[in-house]
Amino acid sequence: MNGKNIWIWIVLLPALCLAGIKEVDLRGKWKFEIGDRPQYSQAEYDDSHWESIRVPGRWEDQGFPGYDGFAWYRKKFDLPRDLKEKTLFLHLGRIDDCDRVYLNGKLLNGTGGMPPKYFTAYSAQRTYYLPPELLHYGG
């Protein structure tokens, strides 16, 4: 697995797309840590010692050449209150190879298979529905 083709932003889709599409762009600096530990998914986990990495981008080009394994990305963002009545999606684009996405400490979704039943989904577009009960508007 490597970090190529990682595009991350939130696509905000009003019901039935009648009002058009609005995006909150999350490109830029994200927290990044190689490896995999269950506690990384916790909303209150202290990631202050993690590296920063630019998204979109390949981790091989940002200080992790030759690394082929699992890694975590974390991003804090403010969600405007005026989006509370909208249907929201997280669009990640393509990820090489598989992913699991957590929102505020809860497993949201994932594509591909994690070990021990690993299978790649490198060519799949990731778009995940964001349940309102997992969102914190205005912060």
Side-chain angles (χ1 to χ4, degrees):
M1 173 163 70
N2 62 40
K4 63 185 170 188
N5 297 326
I6 295 179
W7 290 86
I8 302 177
W9 61 87
I10 292 180
V11 178
L12 306 170
L13 298 174
L16 302 177
C17 299
L18 294 176
I21 296 175
K22 186 174 182 180
E23 294 183 1
V24 174
D25 189 350
L26 297 178
R27 289 180 291 187
K29 294 282 187 173
W30 283 58
K31 293 292 197 162
F32 178 79
E33 180 73 8
I34 61 172
D36 186 21
R37 294 190 172 176
Q39 60 265 36
Y40 293 170
S41 69
Q42 298 170 357
E44 67 279 355
Y45 179 79
D46 178 12
D47 60 17
S48 62
H49 62 282
W50 285 21
E51 301 280 338
S52 288
I53 195 168
R54 291 202 59 78
V55 172
R58 295 168 37 105
W59 67 48
E60 293 91 342
D61 300 332
Q62 300 182 67
F64 301 91
Y67 179 68
D68 188 24
F70 293 96
W72 280 76
Y73 291 78
R74 292 174 63 103
K75 178 75 171 180
K76 294 180 182 177
F77 59 94
D78 291 330
L79 191 57
R81 291 185 193 279
D82 65 341
L83 299 175
K84 194 167 188 169
E85 301 304 317
K86 306 293 184 189
T87 301
L88 306 181
F89 295 86
L90 175 64
H91 178 71
L92 298 172
R94 291 184 176 99
I95 297 172
D96 184 9
D97 285 303
C98 50
D99 65 286
R100 293 298 176 267
V101 176
Y102 291 82
L103 180 62
N104 293 321
K106 305 290 184 200
L107 180 63
L108 182 65
N109 212 324
T111 303
M114 296 290 188
K117 296 182 179 184
Y118 167 79
F119 65 93
T120 186
Y122 71 91
S123 63
Q125 287 284 341
R126 274 81 163 172
T127 300
Y128 301 134
Y129 170 71
L130 300 177
E133 63 272 14
L134 296 183
L135 298 170
H136 302 290
Y137 294 91

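Here the structure is a predicted model, which means the values were calculated and not measured.
- For the residue pair Tyr128/Asp99, the side-chain donor-acceptor check at 3.5 Å is satisfied.
- Lys106 NZ: 12 or fewer foreign heavy atoms inside a 6.0 Å radius.
- For Lys29, the NZ atom counts as densely surrounded, since its 6.0 Å shell holds more than 12 non-hydrogen atoms of other residues, nucleotides or ligands.
- Atom CG in Asp97 sits 12.0 Å away from atom OG1 in Thr111 (nearest 0.5 Å).
- Considering only heavy atoms from C-beta on, Cys98 comes within 4.5 Å of Tyr118 through its side chain.
- You'll find the ring centres of Trp72 and Tyr45 outside the 6.0 Å limit.
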Between Tyr73 and Ile53, is the side-chain contact (heavy atoms from CB on, under 4.5 Å) condition met? List the steps.
CA-CA 9 Å; Tyr73 291 78; Ile53 195 168; 3.8 Å; yes
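- Arg100 CZ to Asp36 CG: the interatomic distance, rounded to the nearest 0.5 Å, is 10.5 Å.
- The CG atom of Asp96 lies 8.0 Å from the CH2 atom of Trp59; values are rounded to the nearest 0.5 Å.
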What verdict does the side-chain contact (heavy atoms from CB on, under 4.5 Å) test give for Leu103 and Leu90, after you've listed the backbone C-alpha separation in whole Å, the side-chain angles of each residue and the deciding distance to 0.1 Å?
CA-CA 10 Å; Leu103 180 62; Leu90 175 64; over 6 Å; no
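- Asn104 contributes atom CG, which lies 7.0 Å from atom CG of Leu135 (distance to the nearest 0.5 angstrom).
- One finds the CD atom of Gln62 at 10.0 Å from the OG atom of Ser52 (value rounded to the nearest 0.5 Å).
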Could you give me the CA-CA distance, side-chain angles and deciding distance for Glu51 and Phe64, then say whether side-chain contact (heavy atoms from CB on, under 4.5 Å) is met?
CA-CA 11 Å; Glu51 301 280 338; Phe64 301 91; 3.8 Å; yes
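- Taking the side chain as every heavy atom from C-beta outward, Asp47 and Lys31 approach each other to under 4.5 Å.
- In this structure, Phe32 has its ring center no closer than 6.0 Å to that of Trp50.
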Evaluate the criterion side-chain contact (heavy atoms from CB on, under 4.5 Å) for residue pair Asp78 and Tyr137; output intermediate values, then yes/no.
CA-CA 7 Å; Asp78 291 330; Tyr137 294 91; over 6 Å; no
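- The NE2 atom of His136 lies 12.0 Å from the CZ atom of Arg81; values are rounded to the nearest 0.5 Å.
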